Enquirer: 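A single structure is presented below for examination.
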Amino acid sequence: MKKSICFLCLLFVFTLFQSTMAKNDEKKDIFVMRQKIDNLIKEMTLEEKVGQLTLFTSDWDVTGPTMRSTYKDDIRSGKTGSIFNAYTAKYNYDLQKIAVEETRLHIPLLFGYDVIHGHRTIFPISLGESCSWDLSAIEKSARIAAIEASAEGIHWTFAPMVDIARDPRWGRISEGAGEDVYLGTLIAKARVKGFQGNDMSAPDSLLACAKHYCAYGAAQAGRDYSTVDISQRELFSTYLPPFKGALDAGVCTFMSAFNELDGVPCTGNKYLLDEILKKKWRFAGFVVSDYTSVNEMICHGIVADEKEAALLAFNAGLDMDMQGATYYKYLPELVREGKVSIHQIDNSVRRILEMKYKKGLFDNPYLYCDEKREKNYVMTEEFLSHARDIARKSIVLLKNDHHILPINKDIKTIALIGPLADDRENLIGSWCAAGDWKKSVSVMEGIKSKISSSTEILYAKGCSISDTDKKGFKEALEAAKKSDVIVAVMGESASMSGEASCRSNLDLPGVQKELLMELKKTGKPLVLVLMNGRPLTISWEDENLDGILETWFLGTEAGNAIADVLFGDYNPSGKLTVTFPRTAGQIPLYYNMKNTGRPMDEKNKYTSKYLDVPNSPLYPFGYGLSYTTFEYSPLTLDKKEMSLKDTIKVSVTVKNAGSVTGEETVQLYIMDLVGSVTRPVKELKGFKKITLAPGKSGTVTFEITAKDLAFYRKDMSYGVEAGDFKVFAGTNSSEVKEGNFRLTQSGVIQE
Ligand code: NOJ
């Protein structure tokens with residue numbers, strides 16, 4: 001006994017020694033880095049410093065309204081210390097060579113790019129991928145994207161986009177993780193970890209960038225770049241948490257948003273950039289503007305000219321100007337006029353140089369320009385296999401009457417109809433980095449490789465995505481009449497979502513719905529495979545079609561993944577991370593709304609509702625069917641009361657009541673019945689996946705602690721209030737089993 005205690009003591013001392021040594025090494029590294037950078041800063045002229053605060057685009061890709069054909073001269077003359085929209089090992093090597101060999105201090109460039117959902121191997125658009133609710137698979141996508149992009153000279157991705165979005169009119173809803181704060185925060189963390197990996201100086205790691213800071217998703221009327229006016233409580237409760245999550249996961253950079261917040265554009269918003277991000281959260285990386293968002297403060301009407309814009313942004317805490325050239329043009333003058341301090345300039349330069357240092361660029365500026373790696377680590381079998389896996393996991397089965405799906409592989413004739421059925425170009429979605437659509441697998445190809453040799457496919461495009469020509473209807477109807485099942489592949493084009501791609505009407509565009517109506521008249525079983533970057537209003541489709549598969553834009557392996565699901569090689573398990581409204585008039589519509597003083601009551605006119613449409617969504621948050629069915633038992637709670645330090649265990653037993661194995665995402669929601677400020681009707685606080693064979697049951701247990709009950713109270717302190725709570729567990733945010741418990745104490749909780 002004594003001996004083992006001694007051994008444990010020794011082990012403890014040894015571990016302590018090791019961790020102290022590791023910490024000392026880390027401190028030494030930081031000391032060496034700081035010394036090197038401080039010495040460098042001492043040598044730099046003011047103009048050279050401001051060059052480091054400037055980011056210009058190359059002309060390889062167009063991701064904004066202005067171009068700069070002089071970027072090579074800009075590098076040479078030290079006007080810019082970073083470049084974006086340039087990639088491939090060779091191209092970036094040549095640009096790096098200019099910076100390293102032709103500038104006075106040989107400071108290497110940092111290369112940025114929008115690597116959002118894959119670089120060469122393209123994964124589902126971010127919103128689609130979030131519907132997998134699979135954090136490790138999501139992290140893996142980001143990891144692979146980092147491996148591919150870093151092999152092509154890229155150091156820094158402008159991702160993840162962590163904006164909570166609740167307005168499907170806004171095209172950029174496609175770039176985020178949906179409407180929920182809890183899930184959005186977990187996904188933000190997973191993506192940061194995936195992009196950055198464990199070691200920032202590893203040649204396969206990317207600096208991540210949490211964008212768009214902040215509340216860009218709350219753009220009024222769902223119109224891009226539009227005004228945002230929300231309460232401070234809403235900012236803290238809904239929009240900031242994913243950014244804080246990204247920060248906690250170690251994100252190295254932030255991007256300021258285009259929008260204004262409470263009358264001040266985010267790019268010049270000292271409260272956001274300095275007070276919250278740098279002071280309260282102690283963010284040590286750097287903040288970059290969005291594309292010309294410094295200059296755009298003139299149009300916002302908060303500054304009169306570019307010089308004032310540069311002053312406002314820089315003094316607010318914005319370290320780097322993307323593409324606007326305002327810092328380069330005006331900061332030296334502003335320093336000389338005493339309006340900007342040189343100390344502050346040095347501080348921002350230091351933040352940027354530290355990132356270059358951490359990426360190992362001072363040791364080897366060409367570390368990421370390795371043509372061999374570029375050849376060997378792009379679109380590998382492993383990457384493509386993950387692309388297929390995550391694509392299947394992202395598909396959401398919205399409707400499946402009479403088990404129309406899966407389709408038998410031996411079926412005699414399939415009518416494959418629609419503008420997206422034989423399409424590759426749209427499958428990789430918007431923001432597809434260096435993805436090559438020609439390498440993606442179409443639905444037609446996916447189906448062909450799946451079906452039996454005796455199955456016939458009758459293909460007819462029928463119509464295009466958006467125009468109103470109905471000439472193709474005839475051919476489509478003829479094919480449909482001869483078939484045993486119709487698979488219609490329809491939706492939006494990739495460019496209908498993403499930046500500057502908002503819609504006021506969320507129906508299927510063009511004459512696609514009319515074609516569906518005609519197909520319906522044939523009386524043949526009719527399945528709709530949807531591709532889109534946002535929730536669509538598909539009430540008619542839901543009422544009239546036999547099956548609906550939501551597939552978003554699934555990326556390189558889209559066609560294979562869709563065929564896997566259509567023919568039952570994969571049982572769909574995706575769950576919506578965003579509410580589908582019945583009509584655009586219901587927007588904004590999200591699951592965790594407030595009750596109001598007059599909650600909807602059908603029998604009482606004077607309650608909160610519409611005359612022409614129910615309040616409920618078409619498909620709620622968390623919704624998604626499977627080829628099997630799951631039955632939920634009532635909830636059990638291990639106690640009915642908890643104090644601040646307690647944990648309550650909530651359990652629910654789920655049974656696979658169907659005939660195939662399936663995976664269910666069991667969701668946990670909580671409602672605080674009475675608060676010092678009104679509380680949402682439900683908030684997601686946990687989820688667990690369970691795979692069950694037919695007839696089998698499994699019990700899922702969640703642990704609730706005080707942290708799960710915390711919110712920004714009346715005085716904006718973060719904490720809990722004693723009182724009654726409801727707890728729900730279920731298959732989606734609407735279909736749940738319910739229990740209740742009591743919290744006996746109030747108290748402050750660490751944010
Ligand atoms: C503008 C977009 O808002 C942002 O998300 C993107 O990273 C930059 N352009 C750079 O392309």
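Numbers here simply count residues along the sequence, with the first being 1. Order of listing sets the numbers, starting from 1, for every ligand and every atom in it. Keep in mind it's a predicted model, so treat the numbers as computed, not measured.
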Enquirer: Under 4.0 Å between a side-chain nitrogen and a carboxylate oxygen: does that hold for Arg172 and Asp163?
Expert: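 No, Arg172 and Asp163 are not salt-bridged.
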
Enquirer: Can you list the residues that meet the ring-ring contact (aromatic ring centres under 6.0 Å, His included) rule with Phe158, with sequence neighbours excluded?
Expert: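 Result, ring-ring contact (aromatic ring centres under 6.0 Å, His included) vs Phe158: Phe84, Trp156.
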
Enquirer: Any carboxylate oxygen within less than 4.0 angstrom of a Lys/Arg side-chain nitrogen, looking at Glu148 and Arg120?
Expert: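 Salt bridge: no.
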
Enquirer: If the criterion is any heavy atom closer than 4.0 Å to an atom of ligand 1, which residues make the list?
Expert: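 Residue list for ligand 1: Thr63, Phe84, Asp114, Phe158, Arg172, Lys211, His212, Met255, Phe258, Asp290, Tyr291, Met322, Trp431, Glu499.
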
Enquirer: Please name all residues satisfying side-chain hydrogen bond (donor to acceptor under 3.5 Å, both in side chains) with Gln220, sequence neighbours left out, ordered by chain then number.
Expert: none

Enquirer: Please determine whether ring pair (Phe, Tyr, Trp, His ring centres under 6.0 Å) holds for the pair His119 and Tyr87, giving the CA-CA distance in whole Å, both sets of side-chain angles, and the decisive distance to 0.1 Å.
Expert: CA-CA 10 Å; His119 179 63; Tyr87 58 91; 5.6 Å; yes

Enquirer: Filter on side chain to side chain donor-acceptor pair (under 3.5 Å), then keep only pairs touching residues 428-439, sequence neighbours left out; what's left?
Expert: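 As it turns out, the side chain to side chain donor-acceptor pair (under 3.5 Å) pairs with a partner in residues 428-439, which skip direct neighbours, are Glu175-Trp431.
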
